[in-house]
Amino acid sequence: MERMPSWIRQHVAGLRAVLVLTVVTGVIYPLVATGVAQTLFNDRANGSLIEKNGTVVGSALLGQSFTDADGNPNRTYFQSRPSAAGDGYDPMSTSASNLGPEDVIDTLPVPGAEDEGRQSLLTQVCARSKAVGELEGVSGARPYCTPDGVGAVLKVFPDRAVSVNQACPATPFIASYQGLKVECAQPGEDYAAGRTVPVRGSAGTPAVPADAVTASGSGLDPHISVAYAELQAPRVARERGMPVEQVRALIGEHTTGRALGYMGEPVVNVLELNLALDES
Amino acid sequence: MSTQVLEAPSPKKNGPVSGGLLDPKQMIRSLPDALRKLNPVTLWRNPVMFIVEIGAVFTTVLAIVDPSLFAWAIVVWLWLTVIFANLAEAVAEGRGKAQAATLRAAKRDTTARRLTRRAPDEWEVVGATELRQDDVVVVEAGEVIPGDGDVIEGIASVDESAITGESAPVIRESGGDRSAVTGGTKVLSDRIVVKITQKPGESFVDRMIALVEGANRQKTPNEIALNILLAALTIIFLIATATMQPLAIYSKSINPGVPDSLALTADGVTGIVMVSLIVCLIPTTIGALLSAIGIAGMDRLVQRNVLAMSGRAVEAAGDVSTLLLDKTGTITLGNRQAAEFVPVDGITEAELAEAAQVSSLADETPEGRSIVVFAKERYGLREREIHGAEWVPFTAQTRMSGVNLGGREVRKGAATAVMKWVRDAGGHPTDEIGHIVDGVSASGGTPLVVAEKGRVLGVIHLKDVVKQGMRERFDEMRRMGIRTVMITGDNPLTAKAIADEAGVDDFLAEATPEDKLALIRKEQEGGRLVAMTGDGTNDAPALAQSDVGVAMNTGTSAAKEAGNMVDLDSNPTKLIEIVEIGKQLLITRGALTTFSIANDIAKYFAIIPAMFAAVYPGLDALNIMRLSSPQSAILSAVIFNALIIVALIPLALRGVRYRPSSASKLLSRNLYVYGLGGIVAPFAGIKIIDIVIQFLPGMS
Amino acid sequence: MSSTLAGILFIASLLLALALCYKPLGDYMYRVYTGTRHLAVERVIYRLVGVKPDSEQSWGVYARSVLAFSALSLLFLYALQRLQSHLFLSLGMAPVEPALAWNTAVSFVTNTNWQAYSGESTMGHVVQTAGLAVQNFVSAAVGVAVAIALVRGFARKKSDTLGNFWVDLVRGTLRILLPIAFVAAVLLVAGGAIQTFADHSAWTTLTGGEQTFTPAAAASQEAIKDLGTNGGGIFNANSAHPFENPTSWTNLLEIFLLTVIASCMPRTFGRMVGDNRQGYAIVSVMAIIAIISMVVTNWSELSANGTVPQAIGQAMEGRESRFGVSNSGLFATATTLTSTGAVDSFHDSYTAVGGGMLIFNMLLGEVAPGGVGSGLYGMLVLAVITVFVAGLMVGRTPEYLGKKIGAREIKLASAYFLVMPVLVLVGTGLAMATSNGRTAMLNSGPHGLSEVLYAYTSASNNNGSAFAGLSVNTPFFNTTLGLCMLFGRFVPIVLVLALAGSLAGQGPVPASAGTLPTYRPQFVGMLVGVTVILVALTFLPALALGPLAEGLL
């Protein structure tokens with residue numbers, strides 16, 4: 001060691017340091033932590049799994065889709081939030097949508113073409129709102145949404161305006177804009193040159209809560225807001241033939257308030273609530 | 001020969017440092033120089049302005065290829081920006097040039113009578129420039145001294161006005177601390193023999209010319225550091241604007257419906273606008289004025305008749321934390337004055353006063369004069385013409401002086417000498433006189449014993465008189481964080497009394513040159529910077545060791561060589577002003593740098609919306625000045641950027657006002673004026689320019 | 001309790017917790033790095049590594065040690081990923097692709113932890129714990145070591161040396177990071193984070209779907225990932241994943257972890273230079289910038305600016321319902337103000353101004369409070385530049401903490417200050433000038449530009465968070481972002497150490513009434529101003545065409 005040139009000596013020391021510290025922080029530390037965790041909090045360390053009739057049906061921390069094979073909501077269950085994880089609540093592919101606040105223009109699918117087009121975040125929100133509204137029997141209207149559940153966005157040209165998210169032959173959500181006639185959009189046509197004008201419309205505070213129309217960060221959000229649970233209660237009660245008060249009581253039981261009264265938001269664990277419904 | 005340049009601003013005593021006046025004519029006179037400086041080879045030394053010049057050339061080409069009123073307006077103002085920057089430097093240099101011309105005139109055509117070594121008093125005539133070190137020359141009344149040197153023989157009155165601007169002649173004599181003479185000064189009377197101490201071409205006048213011209217000005221350490229920071233900022237802004245181009249092209253392409261504008265096309269931001277943005281962002285204000293600030297700083301010293309041998313010393317002056325001041329001449333008036341007559345028992349004060357006056361009538365020393373005056377003022381004793389008196393002058397052996405008037409013999413002098421004289425004459429001085437003498441000494445005064453043949457009359461109390469306003473000055477220094485140390489040869493008791501009266505922080509009594517040197521070393525070890533003045537050869541080591549060593553022009557060549565500044569007025573109080581000038585130089589740099597950077601904010605608010613509001617109409621919200629059109633917004637920013645240079649030339653030359661106070665207060669004030677002012681001023685300035693130019697053709 | 005009040009209390013409790021730790025943790029770190037005693041286990045490590053713990057290193061040797069250690073870490077981590085299929089506990093994962101393995105190795109060694117991979121489907125247990133998590137520890141310890149070396153530069157007088165890198169590395173890992181991480185890991189498990197080396201398992205959901213359990217030593221890795229301001233998650237969803245961050249209080253714990261060391265470093269700095277007021281001044285600057293940033297982001301998010309957030313009524317896209325908008329905003333602010341890059345919500349879906357603020361946080365150089373170590377040295381370099389300009393305005397050649405800021409110091413500080421903007425702007429410009437930028441964007445318009453700007457900002461500042469819509473797993477991005485991470489980490493480190501060496505060699509200049517006091521509110525205000533204004537001036541054109549254009553549509 002002493003006879004080596006100093007730069008080699010340093011690299012030898014560097015390599016040894018990497019190995020030694022790997023043993024300390026990469027082997028000993030996680031093993032000890034695991035030992036303590038498994039001893040003290042065995043259930044949680046292993047994923048807070050929930051069993052139904054002796055079979056694991058999920059984790060209290062992972063959300064699930066309560067839909068049938070075609071993706072239609074199972075009307076006897078409370079529904080989770082939309083998810084961007086894989087095809088929905090896939091723990092092997094956790095993800096958010098990553099769509100931005102001004103993602104408002106769809107790429108409309110051209111009939112017959114391979115490309116399926118792309119829904120903007122705004123249209124996704126509008127479509128979800130409309131669907132939830134229909135499912136729960138309330139209005140799905142939102143600001144910047146058309147009645148047919150897409151983003152209410154115009155591309156304004158000097159001589160005309162186009163409702164870009166409404167593929168022809170749809171009827172544009174407004175007939176004219178500042179004296180210009182509003183047309184429906186021809187899929188495949190390039191409207192880039194127009195000025196983008198989202199139209200707020202007259203919708204007031206939406207009946208469908210925010211979490212019902214947005215994807216979570218993880219795509220695995222196990223919770224929904226209390227408001228969304230309350231919105232679903234009458235439907236679930238009806239489908240299950242239960243008194244709605246009983247359903248509401250179950251919501252209350254499975255609501256987690258803010259930690260210490262101020263951290264986070266009050267939420268309802270959907271899987272636990274649905275299990276409780278099945279058991280009652 | 002004219003000395004008007006030198007005489008103009010006389011140093012103000014005890015006032016805050018102020019600068020010279022700026023004459024608008026000076027700007028016009030310097031214009032040709034400013035144009036000459038457009039030469040890229042010289043401009044290269046100033047990277048910030050060099051980039052502006054490249055931009056100006058580039059836009060000129062663009063304007064020729066694709067002419068428009070807007071393009072040409074930008075081109076003109078970009079060139080003006082460079083010219084204004086050059087003008088600042090030219091004006092600063094111009095002041096020195098006039099002075100250098102005067103000095104050169106003094107130097108030219110001088111001949112010397114050089115003594116040959118072959119025989120005594122044999123000399124040959126040679127040109128002044130041919131003189132070598134250790135040559136010996138003879139100079140007589142009416143002749144100009146051909147080079148720097150020391151008087152080795154004779155005494156003469158010399159007119160040094162060519163250098164000091166002071167018209168009163170000074171005495172130069174061999175030996176002692178008044179032996180140095182400067183080339184280019186004129187002997188008015190008598191004859192002296194001078195040994196040349198300079199090397200050819202390195203005379204005091206040569207150096208002075210170089211200094212005031214600023215031709216070979218070396219950048220000072222802090223200036224170099226600041227230049228590095230400015231270069232870094234310039235690079236950052238160059239990259240920020242260059243990399244904006246692909247972003248701009250993208251932004252334009254995703255808005256295909258927006259027509260091309262004067263600022264933004266499908267190929268990105270247009271060349272003219274791009275260059276305008278770069279020029280507005282890079283620190284042109286400080287870049288343009290930085291070298292003028294440095295030159296002007298040296299110039300301010302010159303105006304106070306101080307020559308700094310290096311810019312480094314001027315910067316160091318700002319950092320000085322310990323000031324060594326000689327007591328005599330700096331803190332106290334040069335000489336002691338009679339303050340009291342203390343008679344022994346049996347003698348009245350009036351009797352003592354009369355004897356003291358009589359003994360001093362012929363005494364032309366300042367102390368002697370003060371005794372006469374004091375006796376007259378206090379006791380109404382008038383000066384008399386006394387005939388038949390025999391004056392006994394002071395000698396180093398007798399250590400007393402006096403008068404023999406008929407049978408009456410009066411002496412005054414050092415206690416031991418006078419007592420001995422009294423005893424020799426058979427007198428028996430009592431112990432009382434010893435007590436009086438000790439008392440006077442203890443209070444910091446100097447006792448002179450007055451006696452007549454055989455009996456002691458009393459004691460004259462000579463006192464050091466502290467100059468007026470010194471205490472306030474030292475208080476000021478303390479607030480600036482500078483420690484003052486008084487250096488004196490007096491005994492500690494005397495020194496302490498004077499130190500207390502003057503209000504200095506510390507004193508060094510019975511100081512030898514070695515003590516002085518040791519003190520400086522000790523201070524420097526603690527990281528402090530030390531400034532001092534000195535004139536004698538024995539001061540030379542201390543002058544060399546100190547960070548700012550100011551040699552008196554009256555001093556020896558050795559002292560002048562050792563120090564890094566020379567005070568032509570030989571006024572030790574000048575040290576305080578030198579410190580202030582050093583600080584002012586640094587403050588001016590910092591203030592204008594801050595101002596320059598702060599300016600950028602407003603320029604962004606003018607140019608960003610002008611460039612991009614077409615594609616993103618929302619960005620017009622940034623147009624908070626509500627400038628009338630993109631063209632006028634960009635042009636206004638460029639014009640403001642150019643005009644602010646001219647507007648700040650006087651400030652750069654004069655320096656930021658400096659009031660001695662704590663660092664915190666100074667910073668607050670300067671931040672307020674130059675930081676906040678730097679943010680606000682361009683908003684107002686650009687808006688006003690916009691209001692004016694919006695009516696020009698091509699602006700909408 | 002109203003949401004607003006709850007949000008404010010959440011922020012307040014974080015600030016309170018940090019304030020309570022400031023002295024004890026700062027003092028503890030001071031003792032760790034100035035103490036002369038070695039623990040028995042440390043002696044064993046030094047013997048194994050083959051270094052003499054009591055020898056001192058010059059700045060050059062210190063820097064070479066940092067580089068040598070980092071280079072070997074890089075190779076080791078690369079090899080581990082490439083050999084994954086041969087390792088036990090690999091969960092059947094294939095070897096990581098070369099480009100991705102390289103990018104990931106660079107990213108973890110530089111404390112960036114940019115996640116170009118998806119953890120649950122790419123990395124097995126061994127690569128996670130013995131590879132990635134190890135770098136979480138040591139890259140953090142390297143950062144602190146460099147910061148401590150710089151502080152020694154200020155504190156030492158006429159010294160040629162800056163300490164011993166190996167000692168600083170080992171002590172930082174063993175005495176600071178390990179104990180805190182261990183306690184935090186246990187707390188996270190208590191909250192529900194998983195900690196198991198089991199194999200995959202699957203179940204059938206209530207409605208008949210299939211779900212797979214993704215086992216991991218999540219808690220132990222999450223703890224150091226936050227504490228070391230690393231940010232590379234075990235899962236793709238990072239700290240939004242319920243197994244990494246199960247509850248609202250673990251969310252606060254994680255925010256606390258990722259800010260705590262950097263927030264307490266100024267105390268250590270103050271102690272080492274012998275003037276605690278200097279530490280308070282630096283931490284005040286950090287706090288002011290952090291609070292302003294927090295307010296701006298939360299204001300924009302809570303008022304749901306922008307078309308889609310307005311349609312939704314609440315900026316809930318990409319947020320977990322248990323955290324809500326305001327707590328997520330605090331996490332996002334903290335992760336971008338430090339060099340962490342962990343996310344509990346997805347920044348790409350933030351409002352224009354909120355997302356722009358997150359970019360700005362990183363562009364500040366991550367100094368409020370910044371990465372572990374890197375935050376302090378970044379802030380001190382800014383202080384040097386501030387002192388240089390301000391110092392002139394008090395009429396002295398500038399000095400900071402008794403050290404003169406001359407040509408050499410300002411050269412190094414300027415170079416440091418240049419590196420990051422050059423990397424960010426040239427990288428972004430290059431991506432946008434070629435087709436690479438545009439094809440990788442998920443979002444269109446100015447938001448797409450923001451995605452590219454965010455990527456280069458994050459990489460060059462070693463943050464690691466992303467506007468994750470951008471598809472960066474391409475040769476162009478893997479290469480250029482990898483270079484940004486490498487240069488963005490090690491060029492500044494070498495410059496900081498050179499600066500430290502230059503400062504250590506100086507004798508001190510005693511302070512006087514004429515010296516600029518660097519502990520008063522006045523200086524704090526100046527430092528905030530210089531930091532914010534210089535960054536704003538540098539990046540305004542880019543920001544104007546990204547977040548500002550989007551926000552002011």
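Excluded from the calculations below are hydrogen atoms, water molecules and symmetry mates; all remaining heavy atoms, backbone and side chain alike, are included. Note on naming: letters A, B, ... go to the chains in the order of the sequence lines (proteins, then strands), and numbering restarts at 1 for each one.
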Taking every heavy atom of C:V509 against every heavy atom of B:G527, the minimum-distance pair comes out as CG1-O, 3.8 Å
Is it the backbone or the side chain of C:T434 that comes under 4.5 Å from a heavy atom of chain B, or both, or neither? neither
Taking atom CG of C:L534 and atom CD1 of B:I236, what is their separation to the nearest 0.5 Å? 7.5 Å
Part of C:T515 within contact of chain B (heavy atom distance under 4.5 Å): backbone
Looking only at heavy atoms, the pair that brings C:P541 and B:Y604 closest together is CD-OH, 3.3 Å
Which one wins on heavy-atom pair count under 4.5 Å against chain B: C:T428, C:L449, C:I385, C:L392? C:L392
What's the spacing between C:L425 CG and B:T241 OG1 if we round to 0.5 Å? 9.5 Å
I'd like to know if the side chain of C:Q522 reaches the main chain of B:L667, judged simply by a donor and an acceptor atom lying under 3.5 Å from each other, with no hydrogens or angles considered. no
Hey, could you give me the CG/CE distance between B:L247 and C:M432, rounded to the nearest 0.5 Å? 5.5 Å
In terms of heavy-atom contacts, C:A407 and B:P221 come closest through CB-O, 4.4 Å
Residue, of C:L418, C:V389, C:L430, that accumulates the most heavy atom pairs under 4.5 Å with chain B: C:L418
Which atoms of C:F417 approach chain B - backbone, side chain, both or neither, heavy atom under 4.5 Å: both
Hey, could you give me the CG/CD1 distance between C:L545 and B:I249, rounded to the nearest 0.5 Å? 11.5 Å
Looking at every heavy atom in both B:A663 and C:P517, which two are closest together, and how far apart are they? CB-CD, 4.2 Å
Any donor and acceptor pair, going by atom type alone, linking the side chain of B:N222 with main-chain N or O of C:T397 inside 3.5 Å? no
side-chain contact (heavy atoms from CB on, under 4.5 Å) for C:L537 and B:L233? Distances and angles first, verdict last. CA-CA 10 Å; C:L537 291 177; B:L233 286 174; over 6 Å; no
Picking from C:R396, C:R438, C:M393, C:K157, which has the most non-hydrogen pairs under 4.5 angstrom with chain B? C:M393
Are more than 12 heavy atoms from other residues, nucleotides or ligands located less than 6.0 Å from atom NZ of B:K252? yes
Let's test your reading of the structure: which of C:A542, C:P508, C:A536, C:P446 forms the most heavy-atom pairs below 4.5 Å with chain B? C:P446
Against chain B, work out which of C:G551, C:G546, C:G445, C:G507 has the most heavy-atom pairs shorter than 4.5 Å and name it. C:G445
Partner chain B: residue of C:K404, C:E409, C:R408 with the largest heavy-atom pair count (under 4.5 Å): C:K404
